[in-house]
Amino acid sequence: MRNIYPLLFLTAALFASCKPEKNPVPPAEPAVKYVTKIATAENEYREYVYNSEKQVSKYHVQFISGSGVTRLTTEFSYVNGIINTAASQAGSIFYDTEGSRVITVRSFRPRGSEISVINFLYYPNGLVSECLEKISQPDPGSPVETKQTYEYYTDGNLKRINYYLRYNRFDPFELTGYTVFAEYDRAKNPDKFFSSMIFLPTVVFQKNNPLRIVHY
């Protein structure tokens with residue numbers, strides 16, 4: 001409240017000394033900046049390409065692996081401004097949406113066989129609460145379903161991810177581990193991706209950059 005009095009005084013002084021313009025010019029809106037590259041090293045980076053609607057149309061990720069430098073490119077398509085498909089060397093993904101919100105993601109191998117179906121649940125504020133994946137053709141002894149649940153701080157930053165596996169569809173999920181994002185900085189996090197191919201345009205998991213991550 002201590003700042004209101006100088007503000008009122010300044011307003012009164014301006015009105016007393018100046019006449020309002022008949023056709024005031026509205027202030028220009030600040031230009032929106034779009035991130036095109038995030039690099040952690042010369043050969044390890046992520047690049048973003050945008051379409052005419054300023055939506056991500058291509059996503060390049062390059063990293064160093066045991067076999068050398070690996071580069072993957074994912075291309076996204078949209079229908080009426082809503083994300084529809086994603087395709088890369090690893091396969092393809094089809095999105096089912098309600099409005100602009102992604103509800104279901106179906107992933108396929110390059111030759112066409114289905115890998116899994118992922119369903120997303122949301123909190124009332126629009127943040128993802130749960131991600132449930134059903135494996136289409138599980139190998140013997142491997143999980144038939146995976147699940148991740150998400151917890152957030154009051155400012156909207158991701159606080160914790162819990163990881164679950166289920167080896168039989170009639171058995172309960174088993175908690176196999178969790179990740180805690182223990183501390184964040186104040187800078188804006190430019191990356192919105194859930195993974196290299198799954199992009200949820202309406203969701204920001206981390207508004208700021210995590211400073212300390214603990215895996216259990």
Side-chain angles (χ1 to χ4, degrees), residues 46 48 55-59 61 72-181 189 191-207 210 213 215-216:
R46 288 165 284 171
Y48 306 84
Q55 298 165 314
V56 177
S57 59
K58 287 186 180 181
Y59 172 66
V61 57
L72 299 174
T73 297
T74 302
E75 297 190 25
F76 299 92
S77 68
Y78 300 82
V79 175
N80 297 325
I82 306 299
I83 193 165
N84 184 50
T85 64
S88 77
Q89 302 97 311
S92 58
I93 282 181
F94 294 85
Y95 292 83
D96 292 331
T97 58
E98 289 182 1
S100 58
R101 179 180 292 179
V102 175
I103 302 299
T104 303
V105 166
R106 301 175 184 275
S107 60
F108 295 84
R109 296 180 179 85
R111 295 186 178 183
S113 60
E114 187 176 75
I115 300 173
S116 69
V117 178
I118 302 175
N119 291 289
F120 294 94
L121 298 179
Y122 294 82
Y123 290 110
N125 61 4
L127 294 174
V128 174
S129 62
E130 182 178 300
C131 168
L132 176 63
E133 179 184 28
K134 295 183 179 180
I135 311 300
S136 301
Q137 299 177 5
D139 294 327
S142 63
V144 298
E145 291 182 348
T146 73
K147 183 172 72 171
Q148 297 179 19
T149 59
Y150 302 85
E151 302 171 17
Y152 301 85
Y153 293 103
T154 55
D155 63 0
N157 274 315
L158 185 61
K159 180 180 182 180
R160 173 169 165 158
I161 306 176
N162 301 302
Y163 304 97
Y164 301 86
L165 294 177
R166 179 150 62 187
Y167 290 87
N168 188 307
R169 298 195 192 279
F170 301 100
D171 294 337
F173 277 101
E174 299 176 14
L175 178 65
T176 59
Y178 56 95
T179 298
V180 175
F181 300 87
N189 182 358
D191 196 6
K192 293 177 59 178
F193 271 64
F194 180 77
S195 73
S196 60
M197 290 188 68
I198 299 177
F199 178 34
L200 308 179
T202 64
V203 177
V204 176
F205 287 94
Q206 295 172 326
K207 296 163 57 178
I213 303 173
H215 301 280
Y216 297 90

Drop me the distance from [X]'s [atom1] to [Y]'s [atom2], to the nearest 0.5 angstrom.
X	Y	atom1	atom2	value
Thr97	Ile82	OG1	CD1	6.0 Å
Tyr152	Asn125	OH	CG	8.0 Å
Tyr178	Thr176	OH	OG1	12.0 Å
Asp96	Ile118	CG	CD1	12.0 Å
Asn162	Gln148	CG	CD	9.5 Å
Phe108	Thr85	CZ	OG1	12.0 Å

Under 4.5 Å between any side-chain heavy atoms of [X] and [Y], yes or no?
X	Y	result
Thr149	Tyr164	yes
Glu130	Asn119	no
Val102	Thr202	no
Arg166	Lys147	no
Ile83	Gln55	no
Asn157	Phe181	no
Thr179	Tyr163	yes
Ser88	Ile93	no

Taking all non-hydrogen atoms of both residues, which atom of [X] and which atom of [Y] are closest, and how far apart?
X	Y	answer
Arg109	Glu114	NH1-O, 3.4 Å
Glu145	Ile135	N-CG1, 4.3 Å
Phe94	Ser92	CE1-OG, 3.9 Å
Asp155	Lys207	O-NZ, 2.8 Å
Pro143	Pro138	O-CB, 3.6 Å
Tyr122	Val128	CE2-CG2, 3.6 Å

Parallel, tilted or perpendicular: ring planes of Phe205 versus Tyr150, cut at 30 and 60 degrees: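 Because their plane-to-plane angle lies in the 30° to 60° range, the rings of Phe205 and Tyr150 count as tilted.
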Geometric class of the Phe76/Tyr95 ring pair [parallel <30°, tilted 30-60°, perpendicular >60°]: tilted
CD/Gln89: more than 12 non-hydrogen atoms of other groups inside 6.0 Å: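 Atom CD in Gln89 is packed in, count exceeds 12.
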CZ (Arg160) with more than 12 external heavy atoms under 6.0 Å: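 More than 12 within 6.0 Å, yes.
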Residues in ring pair (Phe, Tyr, Trp, His ring centres under 6.0 Å) contact with Tyr167, at least two apart in sequence or another chain: none
Counterpart residues, ring pair (Phe, Tyr, Trp, His ring centres under 6.0 Å), relative to Tyr78 (two or more places apart): none
Backbone of Asn84 reached by a side-chain donor or acceptor of Ser77 within 3.5 Å: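 Side chain of Ser77 to backbone of Asn84: no pair is present.
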